[in-house]
Amino acid sequence: LANDCNGIALVGDGNKILDSEILNIATDGIWVRARNLEIGRCSITNVATEQAAGRVGEFGDGIQFGGTGTSDFSGAWVHDNVVDHTSVGNAKNTIIVNGASATQRMVFERNVVRAPVFTNHTAMYLDAPGIVCIGNTVDGGDYGIYAVSAVGALVACNRVAAANYGIRLASSAAGVRIYNNIMRACGTGFYGTANDASTVLRNNILAACTTGLLRHVNMSENYNSFYGNTANATYTGGSSSLGGASIVVDPLLGADDMPLSGSPLIGAGAWVALGQDRRRAPFKSPPSIGACEHWPQRAAVATGRARRG
């Protein structure tokens, strides 16, 4: 394997990387520096083989938007990919956006992102303002979704499981909207200690975590579900308590953590102007808490001609 060999390296605006299989790569699966870029329906596995083979070389990410501090990745759309970095544990990332302070908007949606639970390995490292991270399935990682300088970001309808920190905000992130996510079986479901009253947590499920959330008391939390955590919440900056509309009883969840009939989460959320859930079904008003709206299954209707005798 060549040292510092990427699967695809691309510089130039308006390009597309679609329907590609990228595997057995020495360093990064995809490395890009561009605006208005689309990466969709790709499979990226077994990257960073330089390190796995014990060679001296660059560690690799699954997808890297390689910034220089003030890079502009505006208009990027990363969707419906499977990015698996579990073949090697290192202090890198499955998906990373870094050094992109000039970016206006990027969208990451419906990706399946897998990471080893390795110190400082992040499944989704998002260091750009205004990022939209919606409907992704994230498994593992020291950090599942890590919003760094993500001022004004929307993190919604994601399912994050088995990470040390499910969704984590850096102290430089502000005005982040954490809506309708599921954080399950994490060390800490949500972690945010910045004194930022403009960050809002609504309609999230935090279940089976050691600590449901660890937040600064000035962050706004309400209409969330806490169940099966060793501790539902701890606080920095003073003492606090869960929001008055948050729920701490059995949420009665089915497959993909969707509320079952009779769930206390149905219609118990706050309207936050999300049009669709993680399955692309519409949210009701008021919505259910969690990433999946509850829509009763329709009864089967028998069809056919009546037999005359």
Side-chain angles (χ1 to χ4, degrees), residues 5-25 27-48 60-67 71-87 92-100 102-115 122-141 144-147 150 153-161 180-182 256 274-282 291-292:
C5 175
N6 299 315
I8 295 175
L10 179 63
V11 177
D13 297 345
N15 288 292
K16 300 177 185 288
I17 303 173
L18 303 174
D19 302 297
S20 299
E21 184 177 11
I22 301 165
L23 71 161
N24 302 331
I25 303 300
T27 57
D28 297 322
I30 295 176
W31 185 96
V32 293
R33 184 175 294 162
R35 295 174 297 177
N36 300 314
L37 176 73
E38 180 181 357
I39 303 175
R41 302 183 301 274
C42 295
S43 172
I44 303 168
T45 58
N46 197 31
V47 299
D61 305 299
I63 297 174
Q64 179 179 175
F65 283 79
S71 294
D72 184 356
F73 302 136
S74 298
W77 181 30
V78 182
H79 64 93
D80 300 292
N81 302 286
V82 176
V83 190
D84 191 328
H85 204 317
T86 56
S87 59
K92 293 293 284 185
N93 312 276
T94 307
I95 295 176
I96 178 172
V97 179
N98 65 330
T103 298
Q104 297 301 310
R105 177 181 169 88
M106 304 176 74
V107 178
F108 293 83
E109 63 177 328
R110 300 188 307 275
N111 299 288
V112 175
V113 183
R114 303 187 182 108
T122 300
M124 300 186 75
Y125 183 103
L126 307 177
D127 181 14
I131 278 181
V132 175
C133 179
I134 190 164
N136 301 285
T137 300
V138 179
D139 290 308
I145 297 172
Y146 188 24
L154 172 64
V155 181
C157 299
N158 302 287
R159 188 181 192 275
V160 185
N180 292 87
N181 299 283
I182 301 161
D256 199 28
L274 290 178
Q276 296 180 333
D277 68 8
R278 64 182 280 110
R279 304 162 306 157
R280 297 182 175 177
C292 297

Run the side-chain contact (heavy atoms from CB on, under 4.5 Å) check on Val78 and Phe65 step by step: do they pass?
CA-CA 11 Å; Val78 182; Phe65 283 79; 3.8 Å; yes

What verdict does the side-chain contact (heavy atoms from CB on, under 4.5 Å) test give for Val132 and Arg105, after you've listed the backbone C-alpha separation in whole Å, the side-chain angles of each residue and the deciding distance to 0.1 Å?
CA-CA 7 Å; Val132 175; Arg105 177 181 169 88; 3.4 Å; yes

Stepwise side-chain contact (heavy atoms from CB on, under 4.5 Å) check, Val107 with His79
CA-CA 8 Å; Val107 178; His79 64 93; over 6 Å; no

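Using a 4.5 Å cut-off on side-chain heavy atoms (C-beta onward), Val82 and Arg114 make contact. Taking the side chain as every heavy atom from C-beta outward, Leu126 and Val155 never approach each other to under 4.5 Å.
Shown here for Ala123 and Val138, the closest heavy-atom pair between the two residues is CB-CG1, 3.5 Å. Scanning all heavy atoms of the two residues, the minimum distance from Ala48 to His85 falls at CB-CE1, 4.0 Å. Taking each heavy atom of Cys157 and Arg278 in turn, the nearest pair found is O-NH1, 3.1 Å. Between Ile182 and Ala291 the shortest heavy-atom distance is CD1-CB, 3.7 Å. Residues Ala128 and Val97 share a closest heavy-atom pair of CB-CG1, 4.0 Å. Heavy atoms only, all atoms of each residue included: Arg35 and Asp72 are closest at CG-O, 2.9 Å.
Distance alone, capped at 3.5 Å, is enough to place a donor-acceptor pair between the Asn136 side chain and the Phe108 backbone.
Considering Asp80, Asn81, Asn15 in turn, Asn81 is the only one that fulfils the side-chain contact (heavy atoms from CB on, under 4.5 Å) rule with Ile39. Checking each of Ile22, Ile95, Val47, Val112 against Val83 for a side-chain contact (heavy atoms from CB on, under 4.5 Å) leaves exactly one that passes, namely Ile95.
In this structure, Gln104 places its CD atom where only 12 or fewer heavy-atom neighbours from other residues, nucleotides or ligands lie under 6.0 Å away.
Separating the OG1 atom in Thr137 from the CZ atom in Arg110 is a distance of 11.0 Å, to the nearest 0.5 Å. Distance CG/Asn36 to CZ/Phe73: 12.5 Å, rounded to 0.5 Å. Atom-to-atom distance recorded for Asp19:CG and Lys16:NZ is 11.5 Å, nearest 0.5 angstrom. If you take SG on Cys292 and CG on Asp256, they are separated by 4.5 Å, rounding to the nearest 0.5 Å.
Inspection of the Asn98 and Asp127 side chains reveals no N or O donor paired with an N or O acceptor under 3.5 Å. Under the 3.5 Å distance criterion, with hydrogens and angles disregarded, a donor-acceptor pair is assigned to the side chains of Asn158 and Asn181.
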